[in-house]
Amino acid sequence: MDGERSWPLFTNRWSGGAVSPAGHVHLEAFYLDGTIPVWVFAIGLTRIEARVWLEPGANTSHIAWRLLPHPRVVVTTAVAARPPDGQ
């Protein structure tokens, strides 16, 4: 959600054939991290990661959402080196 705007990150296909909401249009990537499925959604320059997994030996599901670092942010540093005597 961005102020009053929101973007669904899920999609339903209804029995009549309609697809709504169209969250799949934001899906940028899908991959497996070991055995854990990972979805990456892109909304403008914002990237959101979703992971879903089951706890082995337990009747427990886990879901993790993470806001990813901005992919186009470049950090530069300036260093002024001086000899120890200050000259």
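Atoms considered below: every heavy atom in the structure, side chains included; atoms not considered: hydrogens, waters and symmetry mates.
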If the threshold is 4.0 Å, N to carboxylate O, is there a salt bridge linking R51 and E49? yes
What do the steps show when you test F41 against E28 for side chain to side chain contact (heavy atoms under 4.5 Å, CB included), and what is the final call? CA-CA 5 Å; F41 297 93; E28 181 179 72; over 6 Å; no
For L54, does its backbone N or O pair with a side-chain atom of S61 as donor and acceptor, under 3.5 Å? no
From the list F30, Y31, W65, ring-ring contact (aromatic ring centres under 6.0 Å, His included) with W39 holds only for F30
Is the backbone of S20 close enough, under 3.5 Å, to the side chain of W14 for a donor and an acceptor to pair up by distance? yes
d(T60 OG1, E55 CD) to nearest 0.5 Å is 4.5 Å
Heavy atoms, side chains only, cut-off 4.5 Å: are I48 and L9 in contact? yes
Is there a side-chain contact between T46 and L67 (heavy atoms, below 4.5 Å)? yes
Any chance you could measure H24, atom NE2, to R13, atom CZ, to the nearest 0.5 Å? 8.5 Å
For T11 and G23, indicate whether the former's side chain and the latter's backbone hold a donor-acceptor pair under 3.5 Å. yes
Are F10 and V38 connected, step by step, through hydrophobic side chains (Ile, Leu, Val, Met, Phe, Trp, Tyr) whose heavy atoms are closer than 4.5 Å? no
For N12 and V19, what are the C-alpha separation, side-chain angles and deciding distance, and is it a side chain to side chain contact (heavy atoms under 4.5 Å, CB included)? CA-CA 6 Å; N12 294 319; V19 175; over 6 Å; no
